[in-house]
Enquirer: 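My questions will all concern the structure given below.
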Amino acid sequence: MRTKVLLCAAALAASLASSMAQNVYSLNVVGYYNVTIPANGFFMVANQLNTTNNSLGSVIPAPADGSQIYIYSGGYSAAAYDGLAGAWDNPNIDMSPGKAGFFRDNSGAGQVLTFVGEVLQNTSPGLINTLPAGVFSVRASMVPQQGKLTADLAVPGDDGDQVYVYNGGYATDAYDGLAGDWGVPGGLTIKVGQGFFYHKVAGALSTLWVRSFTVQ
């Protein structure tokens, strides 16, 4: 279950001269990364590169025949890919950065998914994802970065919060408010293109996972 990071830092700069001879610049960083899905296996896959259309049918347009994705929101909904028709039976599932779902290979051979798009950048107010209280939610980094949950990816833990990371089986951890850290210092490691389950204890307040992120 390997994730190969192949981010290319192609900077696309364009300038427009106005009648006042002032220049306006547009600078975007685009790239791609690959996620390897094991034969007949699962991986909680996340799109972490923004495009003009972040729906399932656009983000993962042509996986192996019979591929499935399971989206959790209090319960599971699923979509399947028909290789003969060349389409998903539910292509409009939202796969925007910050969301994730269980992808299953049914080909028996495994497959590589390639994600292409723009790296989101924002320093104020930042890239924002909500961590709701009292429920399990599936979340992912909004940018393609591997690292420890809090030390690198800045997930704000509260006492009793739990995280579940699937790598062929679940690794779990809980946040200790008194110690101010997870059981694994800094939190479990999340791979590029990988999502995870997050559970904030009932009675706590929902919190915002905010990243101030730039690659310039």
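Quantities reported herein were computed from a predicted structural model and do not represent experimental measurements.
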Enquirer: Any non-hydrogen side-chain atom of Pro91 less than 4.5 Å from a side-chain atom of Leu56?
Expert: no

Enquirer: Before you tell me yes or no, could you show the steps for Asn167 and Lys191 under side-chain hydrogen bond (donor to acceptor under 3.5 Å, both in side chains), namely the whole-Å CA-CA distance, both residues' side-chain angles and the distance that decides it to 0.1 Å?
Expert: CA-CA 10 Å; Asn167 288 299; Lys191 301 173 185 176; 3.3 Å; yes

Enquirer: So, does Asp176 use its side chain to make a donor-acceptor pair with the main chain of Ala179 at under 3.5 Å?
Expert: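 Yes, the answer is positive, given that a donor and an acceptor are paired below the 3.5 Å cut-off.
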
Enquirer: Identify the heavy atoms of Lys200 and Leu205 that sit nearest to each other, and give their distance.
Expert: CD-O, 3.1 Å

Enquirer: Can you check side chain to side chain contact (heavy atoms under 4.5 Å, CB included) on Leu131 and Leu208, steps first, answer last?
Expert: CA-CA 6 Å; Leu131 301 173; Leu208 298 180; over 6 Å; no

Enquirer: Decide side chain to side chain contact (heavy atoms under 4.5 Å, CB included) for Asn47 and Asn54; before the verdict, give the C-alpha distance in whole Å, the side-chain angles of both, and the deciding distance to 0.1 Å.
Expert: CA-CA 8 Å; Asn47 169 37; Asn54 289 315; 3.4 Å; yes

Enquirer: Would you check if the distance from the ring center of Tyr72 to the ring center of Phe197 is below 6.0 Å?
Expert: yes

Enquirer: Could you check Phe115 against Ile60 for side chain to side chain contact (heavy atoms under 4.5 Å, CB included), going step by step and ending with a plain yes or no?
Expert: CA-CA 8 Å; Phe115 295 83; Ile60 309 177; 4.0 Å; yes

Enquirer: Check whether any side-chain N or O of Asp105 sits under 3.5 Å from a backbone N or O of Asn40 as a donor-acceptor pair, and report yes or no.
Expert: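 Yes; judged by distance alone, with no hydrogens or angles, the pair exists.
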
Enquirer: Between Phe196 and Ile37, is there shared hydrophobic-cluster membership here, with clusters defined by ILVMFWY side-chain heavy atoms closer than 4.5 Å?
Expert: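 No, separate clusters.
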
Enquirer: Would you say the side-chain atoms of Asp181 pair up with the backbone N or O of Gly186, donor to acceptor, closer than 3.5 Å?
Expert: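 It does hold such a pair.
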
Enquirer: Is it true that a side-chain atom of Trp209 and a backbone atom of Gly98 form a donor plus acceptor pair closer than 3.5 Å?
Expert: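 Answer holds: no.
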
Enquirer: Grab the two heavy atoms, one from Arg211 and one from Ser141, that are nearest each other, plus how far apart they are.
Expert: NH1-OG, 3.9 Å

Enquirer: What about Val143 and Leu113, same hydrophobic cluster or not, with Ile/Leu/Val/Met/Phe/Trp/Tyr joined at side-chain heavy-atom distances under 4.5 Å?
Expert: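 Linked within one cluster.
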
Enquirer: Would a 4.5 Å heavy-atom cut-off, applied to side chains only, mark Val165 and Gln194 as touching?
Expert: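 Result yes, sub-4.5 Å side-chain heavy-atom pair found.
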
Enquirer: Ser206 side chain to Ala133 main-chain N or O, any donor-acceptor pair under 3.5 Å?
Expert: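 Such a contact is found between Ser206 side chain and Ala133 backbone.
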
Enquirer: Does Val112 belong to the same Ile/Leu/Val/Met/Phe/Trp/Tyr cluster as Val59, with side-chain heavy atoms less than 4.5 Å apart forming each link?
Expert: no

Enquirer: Is any side-chain heavy atom of Asp82 less than 4.5 Å from a side-chain heavy atom of Asp65?
Expert: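 Heavy-atom side-chain distance check passes, below 4.5 Å.
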
Enquirer: Spell out, as yes or no, whether a donor-acceptor pair under 3.5 Å connects the side chain of Asp159 to the backbone of Gly177.
Expert: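 Here the side-chain-to-backbone pair exists.
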
Enquirer: Between Asp158 and Thr207, is a side chain to side chain contact (heavy atoms under 4.5 Å, CB included) present by the stated rule, with each step listed?
Expert: CA-CA 9 Å; Asp158 286 323; Thr207 58; 3.4 Å; yes

Enquirer: Under 4.5 Å between side-chain heavy atoms, counting indirect links through other Ile/Leu/Val/Met/Phe/Trp/Tyr residues: same cluster for Leu153 and Phe213 or not?
Expert: no

Enquirer: If we ignore hydrogens and angles and just use 3.5 Å, is the side chain of Gln121 paired with the main-chain N or O of Val215 as donor and acceptor?
Expert: yes

Enquirer: Check the pair Gln162, Asp173 against side-chain hydrogen bond (donor to acceptor under 3.5 Å, both in side chains), reporting the backbone distance first and the verdict last.
Expert: CA-CA 6 Å; Gln162 295 173 306; Asp173 202 359; over 6 Å; no

Enquirer: Over all heavy atoms of both residues, which pair between Ala171 and Leu188 is shortest? Give the atoms and the distance, please.
Expert: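 It is O-CD1, 3.6 Å.
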
Enquirer: Specify the closest pair of heavy atoms between Trp182 and Gly157, including all atoms of both residues, with the distance to one decimal.
Expert: CZ2-CA, 4.3 Å

Enquirer: Ring centroid separation for Tyr198 and Tyr164, is it under 6.0 angstrom?
Expert: no

Enquirer: Hey, would you say the Phe43 and Phe103 ring centroids sit under 6.0 Å apart?
Expert: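 Phe43 vs Phe103: aromatic centres not under 6.0 Å.
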
Enquirer: Given 3.5 Å as the limit, does a donor-acceptor pair link the side chain of Asp161 with the main chain of Tyr175, or not?
Expert: no

Enquirer: Got a sec, which residues hit side chain to side chain contact (heavy atoms under 4.5 Å, CB included) with Ala46, two or more places apart in sequence or on another chain?
Expert: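 Here the qualifying residues are Gln48, Ala100, Ala140.
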
Enquirer: Quick one: closest heavy-atom pair of Asn28 and Glu118, and the distance?
Expert: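 Scanning both residues completely, I find the closest heavy atoms to be OD1-OE2, 3.2 Å.
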
Enquirer: Treating Ile, Leu, Val, Met, Phe, Trp and Tyr as nodes and any side-chain heavy-atom pair under 4.5 angstrom as an edge, say whether Val29 and Leu49 lie in one connected cluster.
Expert: yes

Enquirer: Start with the C-alpha gap between Gln111 and Ser67, add the side-chain angles, then the distance that decides, and say whether side-chain hydrogen bond (donor to acceptor under 3.5 Å, both in side chains) holds.
Expert: CA-CA 10 Å; Gln111 57 186 295; Ser67 294; 3.0 Å; yes

Enquirer: Locate the shortest heavy-atom distance separating Val45 from Met95; write the atom from each residue and the value.
Expert: O-CE, 4.3 Å

Enquirer: Give a yes or no on whether the backbone of Ser55 and the side-chain of Ser58 come within a donor-acceptor separation of less than 3.5 Å.
Expert: no

